[in-house]
Amino acid sequence: MLGTDATHDPARRSFVETANLARADFPLQNLPFGIFKRSGDEVGRGGVAIGDKILDLAAAQEAGLFSGLAEKAAVAAKGPVLNALMALGNHAASALRARLGNLLEVDSRERRKIEPLLVPMSEASMQMPVAVGNFTDFLTSSYHSERLSPSGKVPPSFKTMPIAYHSRASSVRLSGGTVTRPHGQWLDAENIMRFGPTRALDYELEIGAFVGAGNELGQPIAIEDARTHIFGYCLLNDWSARDIQRAESVPLGPFLAKSLSTSISPWVVTEAAMRPFRTPAFVRPPEDPAPLPYLDSLRERENGGFDLKLRASLVSKRMREAHHGAERITSTNFKHMYWTFAQMLTHHASNGCNLMPGDIIASGTTSGPSDESRACLAEITSRGTNPLTLPNGEIRGWLEDGDEVIFRAKAEREGFTPIGFGECRGLIGPALDWPAASQ
Ligand code: MN
């Protein structure tokens, strides 16, 4: 039912020793795709992560290590972005992933050809994996929606459709950058609208899905086919300025509070690699309506969800200077999401809207029912009114300049090799001075 195959066999090991460590994010069973540069590279190159190394896909292709569909995929994955690989559809990426598993295995006959093509991650700089054409952010955790709703209830449409807003593609950036505190309009304590640096900067711990093969304008996608249009997944931080959001969101929804920046992790964990970690879709309370037929399928009910542990940690400037480790502030799981990614994708295309290879569809904040699973500060601190205390005594209602937020994700299941997503990091930088007129 899960569709697992030899690529998920937990008995398999790699000749790259770091891939076989118990806590490795990138064992032989994962093989996520990304774009990297070595020092001196002008443009990004396609690679696959194995342990603490990256296999250079273009070099491997030039060395004649691929044939057939796997070779077609390797050519498309050369870089400088992965959109062409995604456009080929998941069969091609799966063929490449299966071949890469054989090439990197402990008893690989090609080991001596492969070893010189491995680049240590410490000598590479990761790049944006795709040119993002479109970015849509959903709202699929009922727990997040309830905690932030004045009525304590989800909006009426939440239970019949995955709700979303169109966000900004141009400000999606790779993990590791600085997020500059944005200016915007917000109400001060006297209820007067001001313009200035946000006083309520927040993170949202989310999973992003990359669209693989797209659909033509006017042509919806059946729920049974939706998974074949999802290439893979990343960690995503939907940075949010809550005071700006509050001032601008009625009646047209989020705008500048969200488009300030969005961070994604560099490695794209494929749909195929995530198969062992499928779980039944969220079990709805009996009083909730069943999904409408176009969003319902037996397969989605049986394994539309993921058992994926998600963590957010925070390290302040003072903690960093004192060599304190980051403090975990969110521990949640993707299985709490009310809607599945296939349902999001089918709903997105249900009016004929065309989805493009490399488009990002994000889950929305992944909060669960428990306190520790609250996946943004607005929930943790009750909108800043009940601040969080860090181990060194600092308090946080919202993010301060110099704070760094770090996301990690791990998929685990008895009988399978755990896989990880790497990291998604972002450091809050101070607001810039408002620009003076140029003349
Ligand atoms: Mn969001």
Side-chain angles (χ1 to χ4, degrees), residues 132 134-149 154-155 157-158 161-175 177 179 182 184 198 200-211 233-250 252-265 282 306 308 310-312 314 329-330 332-334 336-341 343-345 347-348 359-368 373-381 383-384 398-399 405-407 409 421 424-426 428:
V132 186
N134 294 277
F135 166 35
T136 307
D137 196 16
F138 280 83
L139 172 68
T140 61
S141 158
S142 58
Y143 305 104
H144 171 71
S145 183
E146 283 164 358
R147 286 197 192 96
L148 294 189
S149 148
V154 298
S157 52
F158 180 93
M161 68 178 84
I163 301 171
Y165 69 98
H166 278 279
S167 196
R168 188 78 190 161
S170 65
S171 52
V172 179
R173 293 301 159 95
L174 196 73
S175 163
V179 176
T198 175
L201 195 54
D202 202 354
Y203 70 92
E204 289 189 338
L205 173 51
E206 307 193 10
I207 291 293
F210 291 95
V211 174
Y233 307 94
C234 67
L235 288 160
L236 184 145
N237 191 337
D238 180 31
W239 303 100
S240 300
R242 300 298 184 193
D243 45 1
I244 301 172
Q245 187 177 356
R246 201 168 202 180
E248 74 180 5
S249 286
V250 179
L252 286 183
F255 178 39
L256 303 176
K258 300 282 191 173
S259 59
L260 62 110
S261 190
T262 303
S263 301
I264 62 169
S265 55
F282 185 81
F306 288 123
L308 176 64
L310 300 164
R311 307 275 184 258
L314 185 139
I329 55 176
T330 300
T332 187
N333 193 300
F334 201 73
H336 301 309
M337 300 300 99
Y338 195 91
W339 296 100
T340 70
F341 268 121
Q343 289 172 322
M344 294 181 231
L345 189 120
H347 183 63
H348 202 320
D359 283 359
I360 297 176
I361 287 175
S363 61
T365 309
T366 52
S367 305
S373 68
R374 295 173 295 186
C376 64
L377 285 174
E379 289 178 62
I380 295 170
T381 70
R383 293 185 184 279
W398 305 107
L399 296 172
V405 180
I406 305 146
F407 294 169
F421 274 54
C424 182
R425 291 174 169 264
I428 306 303

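Counting from 1, the numbers follow the sequence of the chain as shown. Whatever order the structure lists them in is the order used to number ligands and atoms, beginning at 1. Side chains are part of it too, since the values below use all heavy atoms of this structure and drop only hydrogens, waters and symmetry mates.
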- Task: Kindly check if the number of other-residue, nucleotide or ligand heavy atoms within 6.0 Å of CZ (Arg147) is above 12?
- Result: yes

- Restricting Asp137 to its N/O/S atoms, the closest one to the Mn ion (ligand 1) is OD2

- Message: Other residues, nucleotides and ligands only: do more than 12 of their heavy atoms fall within 6.0 Å of CZ on Arg311?
- Response: yes

- Message: Suppose we call two aromatic rings close when their centres sit under 6.0 Å apart. Are Phe334 and Phe341 close by that rule?
- Response: yes

- Of all the N, O or S atoms in Asp238, the one nearest to the Mn ion (ligand 1) is OD2

- Item | Angle subtended at the Mn ion (ligand 1) by Glu206 OE2 and Glu204 OE1, rounded to 10 degrees | 90°

- Task: Using a strict cut-off of less than 4.0 Å between a Lys/Arg side-chain nitrogen and an Asp/Glu carboxylate oxygen, indicate whether Asp238 and Lys258 qualify as a salt bridge.
- Result: yes

